[in-house]
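Report on one structure; see the data block that follows.
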Amino acid sequence: MEKTRADRITWLLKPGELTLKGRNRPGFERALCRNLAARLKGTGAELAAGSGRLYVHAPSGADEDTVQNIEAALEKIFGIAGWARTVVAAKTREAVFAALIDAARECVHRGVSTFKIEARRTDKSFPLDSWAMRSEGGAAVLDAVPSLRVDVHHPEALIEVEIRERAYIYAMGQKGRRGLPVGTAGRGLLLLSGGIDSPVAGYLMESRGMGLDAVYFHAWPYTSDEARLKAVKLAEITGSYGIGIRLHTVDFAGIEIRIKENAPESWATILLRMAMMEAAERLARRRNCKCLITGESLSQVASQTIENITCTQSRITSPVMRPLIGMDKESIIRIAESIGTYATSILPYADCCALFSPAHPVLHGDPDEAGGLYESLDLSGLIQTALETAREEKCGFP
Ligand code: ATP
Ligand code: MG
């Protein structure tokens, strides 16, 4: 049984989808604990596992900043369905009902007028079953706090009690970010431009448990250092939802110049994308990444028609994940805003693709034609050099 002191705040965490993992569940739980411990480092908080729940204990006498830092970590982590600050009480009827009444008073203090009690009991030796806790607990609350009413269908406040190792009583819990703990689905390489889409794509893959490396192609001196720093910032924010991102910045200026000088203008963007894919695949192999990830969305721009996407990936064999493929821009922007990347993404520094913006880009490229043009450019050596001189930095690590 874990020790609890009355003077420290405790949060109860409900694991999310990983509870469906059967015999593989312990591995997912370990990853969740590892990620949480990394994110809570420096707060002095302690993590404890119980039957079906995790608990975070703030250090005794934690100040408001510490509490906020702990809650920020809980809010960001993938793998939790819900969490709440909880009262830890003795497993007696009196202690539980007193805590329910305190929780109800706190709800009233926060402007609530209707409530419902939800009860769970894993310790069957507790004298009240969950039905009795709901009905008798509800009656005790109504007696003590007459301004409250019960609403079983649409309560403003859900007051929950769980009888486990101890009795846990909490109200108005927060929804977690759900998903799976980052690190449980291997690692992928995100092609991170400075735009709106690719950070969202990376975030969505993290939500499925994938750890990320990222590659940003720039074209120094045709693109500014501000553009590069923007990619760094985006990697920091995106990495902060996972276990950090190792960002590789690769100088593609030489490759872009060769394309510009030797290929039909209308093909330039597709050929550049093909070169990016080839470079990314080589980097992914070196970094043990199992797939590439892009922010492509079907037909959003000329280079993202189904034919051009086919051309883009025609020279590589790695799987390419495109989590935004069926999403419209508005939905993507909504996610970008909610995860905090949008404001950085719309900063107006030209990215490397702006070096060529053909007036009449090929819309429905033929992969054979693309392959012929691509081969005639003989980019392999340039790609190798670009990768050898890549800059690597850690972004958003706990
Ligand atoms: P984004 O908002 O991600 O820039 P976009 O709509 O501008 O998307 P494109 O410029 O066509 O799309 O790029 C499609 C995808 O190719 C991007 O989502 C990203 O994954 C990858 N990509 C484009 N430019 C770069 C770059 N400079 N470095 C790394 N990846 C890139
Ligand atoms: Mg872009």
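One-based numbering, in listed order, for ligands and for the atoms of each. Note that the coordinates shown come from a computational prediction; the quantities given were computed from them, not determined experimentally.
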Does ligand 1 come near enough to [X] that some N or O of the ligand is less than 3.5 Å from an N or O of the residue?
| X | value |
| --- | --- |
| Ile293 | no |
| Gln300 | yes |
| Ile196 | yes |
| Gly194 | no |
| Tyr216 | no |

Distance under 4.0 Å to a non-hydrogen atom of [X]: what atoms of ligand 1 satisfy this?
| X | result |
| --- | --- |
| Thr294 | 20 (O) |
| Val301 | 11 (O) |
| Ser303 | 11 (O) |
| Gly295 | 17 (C), 18 (O), 20 (O) |
| Val215 | 29 (C) |

Check for a donor-acceptor pair, side chain of [X] on one end and backbone N or O of [Y] on the other, with a separation under 3.5 Å.
| X | Y | answer |
| --- | --- | --- |
| Ser297 | Met327 | yes |
| Asn308 | Val362 | yes |
| Thr385 | Gly381 | yes |
| Lys91 | Glu165 | yes |
| Thr238 | Ala235 | no |

Mind checking whether [X] contacts ligand 1 via backbone (N, CA, C, O), side chain (CB onward), both or neither, at a 4.0 Å heavy-atom cut-off?
| X | answer |
| --- | --- |
| Ser198 | both |
| Leu192 | backbone |
| Thr269 | neither |

Notebook entry, point to check: Checking Lys21 against Phe28: charged group under 6.0 Å from the ring centre and within 45 degrees of the axis?
Noted result: yes

Note to self: Can you tell me if His218 contacts ligand 1 (heavy atom of the residue under 4.0 Å from the ligand)?
What the structure shows: no

Margin query: Any salt bridge linking Glu281 with Arg315? Criterion: basic side-chain nitrogen under 4.0 Å from a carboxylate oxygen.
Written below: no

Checklist line | Nearest-option assignment for atom 12 (O) of ligand 1, heavy atoms, candidates Met276, Gln304, Glu296 | finding: Gln304

Note to self: Going by salt bridge (charged side-chain N to carboxylate O under 4.0 Å, His left out), Glu17 matches just one of Arg208, Arg177, Arg25, Arg178. Which one?
What the structure shows: Arg208

Notebook entry, point to check: Under 6.0 Å from the CZ atom of Arg30, do we count more than 12 heavy atoms belonging to anything else shown?
Noted result: no

